[in-house]
Structures are given as structure tokens and as C-alpha cells.
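Okay, so here's the structure we're looking at.
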Amino acid sequence: MVKKVLVPDYVFESSWEVCNKVGGIYTVLSTRAKTLQEIMTDRVIFIGPDCWKEKVNPCFSEDANLLGEWREEAASEGLHVKVGRWNVPGKPIAVLVDSEPFYEKKNALYGWLWENYRVDSLHGYGDYDEASMFSYAAARVAESFYRKYLDQSQRVIYHGNEWMTGLGLLYINKVLPEVATVFTTHATSIGRSIAGNNKPLYGYLSAYNGDQMALELNMQSKHSIEKQTAMYVDCFTTVSDITANECKELLDKPVDVVLPNGFENGFVPRGSAFAKQRKAARKRLMDVAHALTGEHFSDETLIVSTSGRYEFRNKGIDVFIEAMHRLRNDADLQKNVLAFIEVPAHVGEPRKDLAERLNGASPYDTPLEMPTITHWLHDPSNDHVLNMMSGLGMHNRKGDKVKLIFIPCYMDGTDGILNRTYYDLLLGNDLCIYPSYYEPWGYTPLEAVAFKVPCITTDLSGFGLWANRVKGEYSEIEDGVKVIHRTDDNYGEVADIIEKTVVKFANMTAQEVKNARSNAEELSKKALWSQFIRHYEVAYDLALRKAEKRK
């Protein structure tokens, strides 16, 4: 007899990145929303922080008529909320909550956490308090809504993302045991910290003790809330097999389900619109490079880039720069290469001299001062990218076959130099390179292939492992994604392989490039949410079954 899959009537999903564009989790939730809305219209309620206060949040549209009756009741319970729609495909309901009123009971909440779940909040610092108060406020929102509209006859999920939602998950676990809890860690806090502190993560993973490393790296509280949440929720999940192994070793808790990150490609332009936008993107990138360096770039120029959060080692920014340095002197490279590092840094202001050139009509033959960066930084002398480029003598001199340019701002279309969004410029690339050392999933390569841009990544990223699994062996650039084997200590080998792969791609025929671009797009279709949502259905079913027993 086939077991009937349990399906939720309502899902509450909380994250610091609901209507708050910070990193990859925003992309996970905002692209998945459309698929969930199609399955259970307006019965998925996202809960995020009210970071914008009185300012207009471009990601959120408040709706005074939505859930008005409950909003009044929530206010009477001390919940300061805004109710509306998340401005993403599917337009799901979103509730933004102000967590500041709960700071006055912070110590009592931390005492409750210790007494009930042995969570050590004593060593919390930085964003621990902010995250915990938001987490509690978000859970209170779900509890209030549940008590107003729902009861045990409905199947309800409370889904929290990252350690930052742990307190709320444990609160729901205690006060609403009939609600099923799902916890997704997108990267363990201690694993990211080990990697970020230049310690070898993978070769020693089985020997590391998570609690001991948390003590050594001053991560006790974040590690504690993450570990205890994983232990007590109904369904513990992560985003890739590589992070599942990390959870087992560092949190002492195997995950119940792996939830790979999908993508929604509805905003990728089609047909003639794609060709037009690609041409415009390439022109803008080359115009900026011309104004900055004084060099003229032909249509044959190979445009490559890397992007993501400014995690210099974890994201492989260091090995990307090293590879571009080696590429400069590669005799087999027959094309000029224009390379970009698109990573938000401690940015100051757009360069006025560069903006003036871009707004002028005359071509330029001389470089600007510091022709390696588009925006001034607040503390350039301590910037890792600029220091490494300078140390390697990468100054974008006239005649250099490889020009490397640092774009240290959020590419939101209003940066003052590019004035195009990240996606508007992504499709102008010929090749994208993401040589990650620590990457639980990896949205940047998935986004690249969705825009028909072949890419290079590593098997230390969840996406890279998935691409290999789809092919059945190591994926090559002809397949649309080149996956490099990376370890704790083969940095130089990775740089060499990137260099050789760029040369190989530059020397490919037009038909070979076309095939690689087509294969990249086809691979991305296998990672659409319509394909991956089934993993969530498994997680929901598992969690609901445990909650049913408690009823």
C-alpha cells in the first residue's frame, strides 16, 4: 500500500533575508516563492525583519487591507508588524516584524533557552542578540496567527532558515507542539568560521570536534543555538551533500533531508531580447573598462568575472586573481581578456573622474589614476583584492593581455558608474569563474548558466557536486560547467586549471562556444524549482508525521 504524503495547509517561513536582500538565502526564498504560491496560494506566509523602519523598502509593498483583523490583534499582543506582499514573482504574503520591543526580555529568553534546551547564550556577541530577538518575534507572529485562524485540524509547518531563526523554532517546538518544525542550515556557523580562519576544513573534518572548535574560535553561542535547534526540530535539512557531511561531523546530527537550491528563470530574456541585452551589457562593461584604462576593447575581447560575498578565501577570490595573473603571461592566449571582480566591499563613493569620462563623448588613450577599481573605498590600504593585485603587479598597464577591474559595490542599477543591475550585466560575460573553497550550494554559477554563460567552479561547492552528478562524471567546460577538484591545499593547481580552461575556451570555435552556452542553459533547467520542490515535499511530510504523533 502506497503511503499517502502529508501536505501542509499552511507554511510559515522565517528568515533574516525575507524582503531583505543580503545574500544567497534571499535568492533561495524569493525564487522558490512563486512555485510555493502556485501550490498553496496565500497559505505560505514569509516572516522577515522590519529593517527599513520608516523608509520605503523596495522589496516589500504594504497592504493595509491584508489580514487587517489579525493585525489589530497582533498589535494588542505587543507585535509591531507590517503586512503586505514580497515584490518577487508570485507576490507571496510577507509579514515584517520589529523585534526591538523584545530586547527588554532578552535575558529572560536566554535563561529560558538554557533551562529548556541547554543553549549557551552567555558568549553571544555581534549579531547574536539581533538575530535572536528577531527569531523570537517571528515565532510570536506565527503563534499569534495560528491562535487567531488555525487549530489542530490543520497541518502547519514552521520553517526557519539559518541559526538566526533557532530561538523561534525552539519556542514553537515548546508552545505549539502541534506545529511541525523544519530547520535549514545553509552553512554551519562553525564550518564557515573554520574555513574563514584559514584552517583546513575538509582533510580534518572527521577529526574536528564542533564544540571544541566553537570554543577556540569564540563561536560558542551561535554554534550552540544551531546545534540544539538541529537536535530538537522535526526535520533538520541543509542544501547540499557537502554541507550534510559538515552537519554530521560538526553538529553531531545527520540531516533528515537535503534541499538543493533551485532557481526561477522567468526573468531571463528570450530570443532577440536576449541578444540585444547581451550586446548592451558587453558595451557597458567595455565602456567602463575603456574609460578606466584608456585601452580600446574589440568585440573579440573575452569578458570573464567572479562575484559573490566578500569572503576572500572561501569564495576563491584569491585563486581567481592568481589565475588571472598567470593568464597574463600565457603564450597560448590569443585574445585579450577583460576580467571583473564584482564583490561588494567597504565602498565609499563612485569615482568622479571615471563618471566624467563615461558621460563625455571623446575616446581616451590614457589611464586614470588607479585604473583597477571603479569606486573609491573607505580603507583601500587594507583591502585584500587591491593588495593582492598590487603585490602581483597587476596595474592594468597598456598592452597587458589581461585587464582585471574591481567593482566593489552592490550592482543594483544605481551605483553611479555601471548603473546596471547584476543580472543586466551577467549575460554580457563569456565565462564566469567561481573557484570556491567553502560553498554549501553556489547560486552564482547557477545564475550564470541560466543566462547561458558557461562557468568554472569546484567540487567543494554543492552546485559543482550536483553538476558532476547530473553528468555522471566530472563536468567539463564543453558541458557548460567546468568542475575543478579542490582540496585544502591544491590552490596552485586550481589556479593552473582555471588558466588553462580560460585559454581553452578563448580558443574554441564559434560553434563550440555556442554548444557550451546551450549546454549551460540546459543544465540550469534541471535546477528549476519545478524540479527541486519535491525535496521540500519530502521534508514537509516527514515533519508533519512527527507533529501528527504529538497531536
Side-chain angles (χ1 to χ4, degrees), residues 24-25 27-28 31 184-188 191-192 194-195 200-206 236-251 254-263 306 308-309 311 313-316 319-320 432-450 453-491 493-494 497-498 501 516 519-529 531-536 538-539:
I25 297 173
T27 308
V28 178
T31 57
T184 300
T185 182
H186 295 256
T188 68
R192 188 187 293 279
I194 291 169
L201 177 62
Y202 303 99
Y204 293 86
L205 187 58
S206 61
F236 175 42
T237 71
T238 192
V239 297
S240 66
D241 293 337
I242 196 166
T243 315
N245 191 41
E246 191 181 314
C247 292
K248 183 180 71 173
E249 298 293 345
L250 297 177
L251 299 181
V255 300
D256 298 302
V257 183
V258 171
L259 303 176
N261 290 333
F263 193 66
T306 194
R309 276 194 310 273
E311 295 179 20
R313 182 191 185 217
N314 285 356
K315 296 294 185 184
V319 79
F320 175 80
C432 287
I433 303 170
Y434 311 105
S436 300
Y437 173 76
Y438 184 82
E439 187 69 81
W441 175 246
Y443 256 118
T444 43
L446 177 51
E447 290 167 337
V449 295
V453 181
C455 69
I456 301 170
T457 190
T458 75
D459 60 1
L460 292 185
S461 75
F463 175 81
L465 286 177
W466 174 78
N468 283 346
R469 192 159 62 248
V470 170
K471 186 183 178 185
E473 58 184 318
Y474 269 79
S475 185
E476 298 293 340
I477 199 64
E478 294 88 346
D479 303 309
V481 178
K482 166 70 176 178
V483 181
I484 300 172
H485 176 56
R486 186 161 188 194
T487 66
D488 289 320
D489 46 26
N490 70 340
Y491 173 99
E493 181 186 351
V494 173
I497 295 172
I498 294 170
T501 305
N519 289 337
E521 183 186 24
E522 286 305 309
L523 180 65
S524 76
K525 291 177 181 176
K526 292 182 170 67
L528 291 175
W529 278 118
Q531 303 291 320
F532 280 174
I533 202 67
R534 67 181 186 275
H535 300 289
Y536 282 78
V538 171

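Below, each value reflects all heavy atoms present in this structure, side chains not excepted, and no hydrogens, waters or symmetry copies.
- Listed here is the closest heavy atom pair of N490 and H485: ND2-O, 3.0 Å.
- When atom types are taken as modelled, the side chain of D479 and the backbone of N519 share no donor-acceptor pair closer than 3.5 angstrom.
- A donor-acceptor pair under 3.5 Å is absent between the side-chain atoms of Y434 and the main chain of Y443, judged by distance alone.
- Nearest heavy atoms, K526 versus Q531: O-CB, 3.6 Å.
- To the nearest 0.5 Å, atom CG of residue L460 and atom CG of residue N314 are 10.5 Å apart.
- Judged by distance alone, the side chain of W441 and the main-chain N or O of N261 form a donor-acceptor pair under 3.5 Å.
- Inter-residue side-chain proximity for F463 and V481 is flagged as met; some heavy-atom pair is nearer than 4.5 Å.
- A pairwise comparison of heavy atoms in E246 and L205 identifies CA-CD2, 4.1 Å as the closest pair.
- Of the inter-residue distances, the one linking L250 atom CG with N245 atom CG reads 9.0 Å to the nearest 0.5 angstrom.
- The minimum heavy-atom distance between V257 and A539, with the atom names listed, is CG2-CA, 4.0 Å.
- Inter-residue side-chain proximity for T457 and E439 is flagged as unmet; no heavy-atom pair is nearer than 4.5 Å.
- Between the side chains of S240 and W466, no donor N or O sits under 3.5 Å from an acceptor N or O.
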Subject >> Working for side-chain contact (heavy atoms from CB on, under 4.5 Å), residues L251 and F236 >> reply: CA-CA 11 Å; L251 299 181; F236 175 42; 3.8 Å; yes
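- No option in Y491, F320, Y202 other than Y202 meets the ring-ring contact (aromatic ring centres under 6.0 Å, His included) test with Y437.
- Pairs of residues two or more places apart, or lying in two chains, that qualify as salt bridge (charged side-chain N to carboxylate O under 4.0 Å, His left out) and include a residue from residues 480-491 are E476-K482.
- Between C455 and V449, the closest side-chain pair of non-hydrogen atoms falls below 4.5 Å.
- Here CD1 of I433 is found 12.0 Å from OG1 of T444. Values are rounded to the nearest 0.5 Å.
- Taking each heavy atom of P435 and V319 in turn, the nearest pair found is CG-CG1, 3.2 Å.
- Checked against side chain to side chain contact (heavy atoms under 4.5 Å, CB included), N468 has the following partners two or more places apart in sequence or in another chain: D459, Y474, S475, V483.
- Aromatic ring centres of F532 and F263 lie farther apart than the 6.0 Å criterion allows.
- The line from OH of Y536 to OG1 of T237 is 7.0 Å long, rounded to the nearest 0.5 Å.
- Here the side chains of W529 and V28 are in contact, with some heavy-atom distance below 4.5 Å.
- Contact between G464 and S461 at its shortest, heavy atoms only, is N-OG, 2.9 Å.
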Subject >> side-chain contact (heavy atoms from CB on, under 4.5 Å) between C247 and T188, intermediate numbers included >> reply: CA-CA 7 Å; C247 292; T188 68; 3.8 Å; yes
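- Rounding to the nearest 0.5 Å places CD of E493 at 7.5 Å from OG1 of T487.
- The closest donor-acceptor contact from the side chain of T185 to the backbone of A187 lies under 3.5 Å.
- T458 places a side-chain N or O within 3.5 Å of a backbone atom of S436 that can act as its donor or acceptor partner.
- For the atom pair I456 CD1 and T501 OG1, the distance stands at 4.5 Å (nearest 0.5 Å).
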